[in-house]
Amino acid sequence: MKFETENNELSKTLDPKQFESKWYNHWEDNKYFAPKMGKQKKSYCIIMPPPNVTGKLHAGHALDMTTQDTIIRFKRMKGFKTLYLPSMDHAGIATQSVVEKKILEDEGKSRKDMTREEFLERIWKWKDEYGDFITKQARHIGVSCDWDYFVFTMDQGPHEAVNKVFCDLYNEGLIYQSNYIVNWDPLLQSAISDAEVEHKEVKGAFYHVLYSVKDHDTKLEIATTRPETMLGDTAVAVNPNDDRFKHLIGKTAIVPLCNREIPIIGDEHVDMELGTGCLKVTPGHDFNDFEIGKRHKLETINILNSDGTLNEYGLEWKSMSCKKARKLIVEKLKELGLFIKQHDHIHQVGHGQRSHVPIEPIVSKQWFLNVQEMASTAVKAIEDNKTRFYPKGWENTYFSWLREPRNWCISRQLWWGHQIPVYYCKQCENKWAAEHKPECCTKCDSKHFSQDPDVLDTWFSSGLWAFSTLGWPDKKRMKEKSFNDFFPTSTLVTGYDIIFFWVARMMMMTLKVLGEIPFEKIYIHAIVRDKLGRKMSKSLGNGIDPIDMIDKYGSDAFRFALAAGSGYNRGLNLDPERISGYRNFMNKIWNAFRFIHPFISNTKSKLPDIQTLDNHEKWILGELNSVTLKMNESIEEFRFDDACNAIYQFVYDKYCSWFIELSKNVLYGDNEKSKIQRTSVLKYCFREIVALLHPISPFVTEEFWQYLKNDGEDLLIAQEYPEFDEKLVFDKDQSDMNHFIETITLIRNMRSALNIKPKDEISIELFSGDKELLKYFEKNKVYFHELARVKTIVTANKNGVRPPKSIMSATTNTEIFMPLEGVVDINEHIKRLEKNLEKTKKEFNQNDKKLKNKKFAENAPKDVIEGVKKKVSDLKQKIISLEENVKSFK
RNA sequence: GGGCGUUUAGCUCAGCUGGGAGAGCGCUACCCUUACAAGGUAGAUGUCGGGGGUUCGAUCCCCUCAACGCCCACCA
């Protein structure tokens with residue numbers, strides 16, 4: 001027992017470091033995380049959204065993992081066969097950049113100085129070295145995943161899944177190669193998908209330039225934000241309904257600078273109101289223009305190199321960046337007198353999600369996945385409630401992405417990733433897809449063939465994650481991993497920022513490949529921000545490092561803070577102060593435990609016979625029972641905030657503040673029988689508290705369990721989760737106790753207001769119309785002394801004679817009189833009484849008015865009317881007694 | 001340009017299908033009372049963003065305005 005000091009006493013403060021890693025190792029080493037069939041005879045599976053291999057645990061991961069682990073531990077205790085499957089993503093672009101940068105820094109070598117094989121070897125080496133850093137950190141969070149199931153997206157299993165799916169979709173014609181305009185990231189020098197483009201507001205300008213018309217003396221004024229792309233213009237377009245220009249359709253315009261002759265065409269797309277009504281068409285570098293180009297069979301000219309600089313079409317500006325060229329070209333146009341004017345223009349420009357540089361629309365040969373049909377199937381699955389979003393509102397985000405999908409560009413010009421399994425024969429120009437590297441060409445048997453150099457978008461393999469992690473497509477592996485038990489998985493837990501990156505794609509791919517939904521529920525949690533609601537970022541330096549927090553406050557407190565902030569909200573503003581608050585909470589529980597510890601060692605954990613329970617015991621068990629219900633319901637529907645509040649309040653306000661305090665008298669008293677009974681109730685409640693809390697804060701609760709468990713009982717992680725019990729509902733005891741608490745609080749309030757020293761004892765007289773309640777007070781005389789230092793107490797019916805010259809206060813059903821003793825500031829007391837009176841009268845009037853309102857009486861439901869009636873009569877009584885007391889002093 | 005969301009105590013937020021507003025932290029006063037000062041007891045504070053409407057009754061429903069935030073959209 002590590003907590004005991006030299007004197008064999010438990011230390012006053014809880015030190016999480018004493019047991020966190022101890023318990024994690026113990027759980028892991030003894031296979032407590034492995035799926036095991038429990039009483040539910042059903043399984044429950046969550047797949048961890050794979051963190052990037054380059055990653056360091058950030059607050060978002062911590063929230064992700066905490067909510068997942070809470071659900072898993074809850075379900076495990078409920079008796080489900082649970083699997084929390086840990087995984088990791090190769091994160092193509094991110095990882096390749098990191099490693100490239102590192103090699104450049106260390107050795108001054110770029111990727112181009114190496115062969116593909118050499119480079120990949122280096123990445124794998126890097127991955128082996130740093131790759132499981134994040135999984136080590138995850139253990140500090142306490143994730144109860146079965147590490148035997150760990151999968152990396154580049155492992156053999158997922159690789160086979162990727163290849164199989166690719167080939168099937170290819171053979172079905174859904175994966176195709178096409179020359180199409182794509183988002184080109186000039187820094188990565190790769191195509192990226194639409195989802196990876198972020199639009200940012202950029203201050204630019206409209207440049208007005210003159211194009212001359214061949215054999216015609218008019219000049220066309222064209223407005224553009226990108227004058228440099230005129231070098232790739234292959235048409236000028238006007239709206240065919242535009243009277244200003246329609247006579248020019250069919251004529252030829254001449255592009256300045258390169259003097260290319262291009263047709264003037266009519267296209268409805270041109271907005272007559274915008275710019276000058278004349279549009280330069282650059283099919284090679286603009287999405288709209290590309291479409292126009294297709295419609296009019298225009299030539300497509302690519303004026304850019306893969307790094308975003310101008311190529312030979314750039315003439316004298318060749319090899320310059322677009323930005324630089326733009327400036328010089330504008331100057332040149334000015335010289336030539338072709339420049340009219342420019343004015344500022346703020347517009348949205350696409351930037352690479354990873355590289356943060358402006359993306360260039362470029363026409364290139366890429367692989368695409370036709371998602372049209374898959375998308376509508378995925379929409380339907382949610383519409384039909386086959387899978388549900390929690391909170392439901394996120395459906396809209398999902399739908400908005402899937403209802404107008406553009407085909408997914410899945411090829412990336414990178415080396416790190418799943419290489420596209422398409423092969424090209426050098427002999428016969430055959431092209432085919434194959435799951436396994438072929439021996440020879442499928443047509444001509446030639447051994448001279450090459451594989452497509454591109455790799456797949458990282459999200460392609462992630463899209464298969466719901467089933468490739470469980471062994472698919474290999475029958476043997478699927479059996480080993482109990483595929484049939486765990487697929488479809490139960491709940492997907494993730495942030496809203498990847499609803500379309502990941503959730504939508506898993507839905508599409510899984511429905512397509514297996515014809516089933518990937519998961520039954522989708523819980524979308526908040527995005528973690530700093531306490532001011534700002535995104536955590538490196539540049540702001542406002543990031544919260546989970547490991548720091550765990551170090552400072554303990555994993556349990558950190559987890560509790562995250563859970564307490566998680567419900568159906570979209571943002572979680574994490575303030576370290578809060579974590580520290582919950583650290584205090586953990587310490588509070590610890591000290592409650594320290595108090596009961598000496599009494600419970602020889603006590604049974606079993607609940608005593610209900611018949612023998614006294615009022616206070618029934619009360620606490622009733623309260624415990626409600627909390628149990630609340631916790632079960634809340635976790636079930638992902639309202640972790642409610643669950644945390646419920647247990648927090650129970651522990652602080654019920655168990656510690658009242659039950660333990662009320663128990664002292666019993667425990668230090670002489671009645672052995674009551675003592676034993678009270679001890680077992682204290683212990684029983686504490687065991688339940690610890691069990692209820694375990695899914696949220698696993699370490700400290702497991703530690704407590706060691707002191708609480710019976711001989712032969714397993715660890716807490718393997719115990720059953722408490723359930724609501726109808727036998728433990730005690731309404732009468734609950735309401736009596738509430739009156740009691742109210743009365744005690746009021747007496748304390750009076751003491752405090754009158755500046756009576758905490759140690760001084762007082763006498764009081766209680767008047768009430770409720771005989772039962774008076775009896776209850778009589779029975780609890782001793783506690784008035786314990787809790788409010790009341791020396792003598794007299795109870796009387798409300799018709800009794802009030803003591804003269806007494807300080808008075810009242811709840812709605814009890815009047816409290818405190819005879820004057822010593823020097824008390826009467827004026828102060830009268831002031832207080834009058835304030836109270838005013839407040840009570842106001843409340844009375846409000847309710848009375850309502851009652852007198854005919855329409856209220858006609859329309860309001862009976863129970864509401866009854867409630868108001870009762871309130872009015874109680875308040876009236878209270879007013880009378882307050883007034884009398886005021887009078888007695890005047 | 002579309003869509004979504006937020007606006008409740010000093011701060012961060014809860015308030016389910018309408019019956020008179022809550023929590024945590026912070027703050028104030030008094031207490032080192034033998035579980036806990038990472039604590040105890042008591043206390044203060046809100047025109048529930050503005051305006052209008054429906055209703056006997058609105059923080060909750062409808063309309064409108066405002067502020068802030070997020071997402072989507074092909075850069076004329």
Side-chain angles (χ1 to χ4, degrees), chain A residues 10 12-14 181 183 194 199 202 204 206-207 222-226 229 237 269-271 274-282 285-291 345 347-350 358-361 393-394 396-397 400-401 404 406 496-497 499-500 527 531-533 553 557 564-565 567 569-575 577-578 580-598 639 641-642 644-645 648-649 656-657 660-661 664 745 748-753 755 757-759 787-789 843 846-847 850 853-861 863-865 867-868:
Chain A
L10 300 177
K12 278 193 182 183
T13 47
L14 185 66
I181 190 154
N183 305 295
D194 296 324
H199 292 271
V202 166
F206 258 130
Y207 302 89
I222 291 181
T224 175
T225 54
R226 299 198 59 185
T229 61
H269 165 78
V270 179
D271 184 341
L274 199 58
T276 58
C278 272
L279 176 64
K280 66 191 254 332
V281 182
T282 324
H285 298 289
D286 184 285
F287 288 93
N288 280 319
D289 294 3
F290 182 76
E291 295 300 328
H345 176 60
H347 56 170
Q348 301 284 326
V349 177
I359 61 112
E360 288 292 347
W394 289 115
N396 291 332
T397 303
S400 78
W401 183 256
E404 288 169 57
R406 283 173 57 186
Y496 62 78
D497 50 340
I499 287 178
F500 38 84
I527 297 293
K531 65 174 176 181
L532 299 173
Y553 305 112
N569 46 334
R570 20 178 91 201
L572 194 176
N573 297 358
L574 192 60
D575 183 350
E577 291 267 355
R578 261 191 110 102
S580 128
Y582 292 124
R583 183 268 318 265
N584 296 355
F585 174 56
M586 297 300 153
N587 198 51
K588 182 78 184 175
I589 305 179
W590 165 246
N591 278 292
F593 172 70
R594 277 180 67 223
F595 172 75
I596 63 168
H597 178 59
R639 290 304 304 250
D641 47 353
D642 289 347
C644 288
N645 281 335
Y648 186 97
Q649 273 181 31
C656 291
S657 294
I660 284 188
E661 292 308 324
K664 285 178 180 170
T745 305
R748 286 169 170 172
N749 174 324
M750 291 162 81
R751 295 183 56 114
S752 160
N755 265 324
K757 289 204 179 95
K759 278 182 184 156
L787 301 172
R789 305 290 291 169
E843 204 181 337
Q846 251 176 13
N847 285 283
K850 196 190 283 185
N853 183 339
K854 247 192 223 163
K855 288 188 173 170
F856 173 73
E858 281 164 16
N859 294 310
D863 53 326
V864 173
I865 297 177
V868 175

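A note on names: the letters A, B, ... follow the listed sequences, proteins ahead of strands, and every chain is numbered from 1.
Mapping A/D641 and A/N396 onto RNA chain B by nearest heavy atom places A/N396 at the nucleotide closer to the 5' end. Heavy-atom distances to RNA chain B give each of A/S657 and A/N645 a nearest nucleotide, and the one nearer the 5′ end belongs to A/N645.
Here A/N584 reaches the OP1 or OP2 of B/rG39: one of its side-chain N or O atoms lies under 4.0 Å away. Note on A/Y496: every side-chain N or O is 4.0 Å or more away from OP1 and OP2 of B/rC72. Contact annotation: A/R748 reaches the phosphate of B/rA42 (side-chain N/O to OP1 or OP2, under 4.0 Å). Look at A/N587 and you won't find any side-chain N or O under 4.0 angstrom from OP1 or OP2 of B/rA38. Contact between the side-chain N/O atoms of A/K12 and the OP1/OP2 oxygens of B/rA37 is found at a separation under 4.0 Å. Close to B/rC13, at under 4.0 Å from its OP1 or OP2, lies a side-chain N or O of A/N573. Listed pair A/K588 / B/rG40 meets the phosphate criterion, a side-chain N or O lying under 4.0 Å from OP1 or OP2. Taking only side-chain nitrogens and oxygens, A/R583 never comes nearer than 4.0 Å to OP1 or OP2 of B/rC36. Phosphate proximity of B/rU33 to A/K664: absent, as no side-chain N or O sits under 4.0 Å from OP1 or OP2.
Checked against A/K280 for a side chain to side chain contact (heavy atoms under 4.5 Å, CB included), the options A/D286, A/T224, A/D289 give a single hit: A/T224.
Straight-line distance between the P atoms of B/rC72 and B/rG26: roughly 38 Å, to the nearest whole Å. A gap of 10 Å separates the P atoms of B/rG15 and B/rU6, to the nearest Å. Across the P atoms, B/rG3 and B/rG39 are found 50 Å apart, a figure rounded to whole Å. Here, B/rU59 and B/rG49 have their P atoms 10 Å apart, quoted to the whole Å. B/rC48 sits 11 Å from B/rU8 when the P atoms are compared, rounded to a whole Å. Separating the C1' atom of B/rC68 from that of B/rC75 is a span of 27 Å, rounded to the nearest Å. Annotation: B/rC4 and B/rA38 have their C1' atoms spaced 41 Å apart (nearest Å). Here the separation of B/rC32 from B/rG50, taken at their P atoms, is 46 Å to the nearest Å.
If you check every strand for non-hydrogen atoms under 4.0 Å, A/P361 touches a base. Within the nucleic acid shown, A/K850 comes within 4.0 Å of at least one base atom, counting heavy atoms only. Heavy atoms of A/V868 sit nowhere under 4.0 angstrom from any nucleic acid atom. Among the heavy atoms of the strands lying under 4.0 Å from A/A860 is at least one base atom, whether or not backbone atoms are also near. Within the 4.0 angstrom heavy-atom criterion, no nucleotide atom of any strand lies near A/S400. Within 4.0 Å of A/D271, counting heavy atoms only, lies at least one base atom of the nucleic acid. Residue contacts shown for A/S580 are absent, as no nucleic acid heavy atom lies under 4.0 Å away. Counting non-hydrogen atoms under 4.0 angstrom, A/N859 reaches a base of the nucleic acid. Nucleic acid contact for A/F585: none, since no nucleic acid atom lies under 4.0 Å from a heavy atom of the residue. Nucleic acid contact class of A/I359 (heavy atoms, under 4.0 Å, all strands): base. A/T397 comes within 4.0 angstrom of no nucleic acid atom, judged by non-hydrogen atoms across all strands. No engagement by A/F593 is indicated, since no non-hydrogen atom pair under 4.0 Å with the nucleic acid exists.
Closest to the side chain of A/W401, out of B/rC75, B/rC72, B/rC36, is B/rC72. Closest contact between the side chain of A/F856 and the listed nucleotides B/rA35, B/rC75, B/rC56 involves B/rC56. Considering only the side chain of A/K855, B/rC56 comes nearest among B/rC56, B/rA14, B/rG5. Across B/rG19, B/rC25, B/rC71, the shortest atom-to-atom separation from the side chain of A/P861 is found for B/rG19. Residue A/C656 has its side chain nearest to B/rA35 when only B/rA35, B/rC56, B/rG15 are considered. Here the nucleotide nearest the side chain of A/R639, chosen from B/rG15, B/rC4, B/rU12, is B/rG15. If you check B/rA35, B/rC56, B/rA23 against the side chain of A/Q649, the one that comes closest is B/rA23.
In this structure, A/E404 places its CD atom 14 Å from C1' of B/rC71, rounding to the nearest Å. Atom P of nucleotide B/rA38 and atom CG of A/L14 are separated by 14 Å, given to the nearest angstrom.
Base-pair partner of B/rU45: not found among the strands shown (Watson-Crick or G-U wobble, both distances under 3.5 Å). For B/rC11, the paired nucleotide is B/rG24, the pair qualifying as Watson-Crick or G-U wobble because both relevant distances are below 3.5 Å. For B/rC70, the paired nucleotide is B/rG3, the pair qualifying as Watson-Crick or G-U wobble because both relevant distances are below 3.5 Å. Nucleotide B/rU59 forms a pair with no other nucleotide shown, judged by Watson-Crick or G-U wobble geometry with both contacts under 3.5 Å.
Between A/R226 and A/E360, at least one side-chain nitrogen of the basic residue sits less than 4.0 Å from a carboxylate oxygen of the acidic one, meeting the salt-bridge criterion.
Between A/Y553 and A/Y582, the distance from one ring center to the other does not fall under 6.0 angstrom.
Proximity of A/N591 to A/L14: side-chain heavy atoms (C-beta onward) are nowhere separated by under 4.5 Å. Contact of the A/I499 side chain with the A/W401 side chain is not registered, since no non-hydrogen atoms from C-beta on lie closer than 4.5 Å.
For A/A788 against A/R748, the heavy-atom pair with the smallest separation is CB-CG, 4.4 Å. Across all non-hydrogen atoms, the minimal contact from A/A237 to A/V270 is CB-CG2, 3.7 Å.
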Test side chain to side chain contact (heavy atoms under 4.5 Å, CB included) applied to A/F856 and A/V864, step by step: CA-CA 10 Å; A/F856 173 73; A/V864 173; 4.1 Å; yes
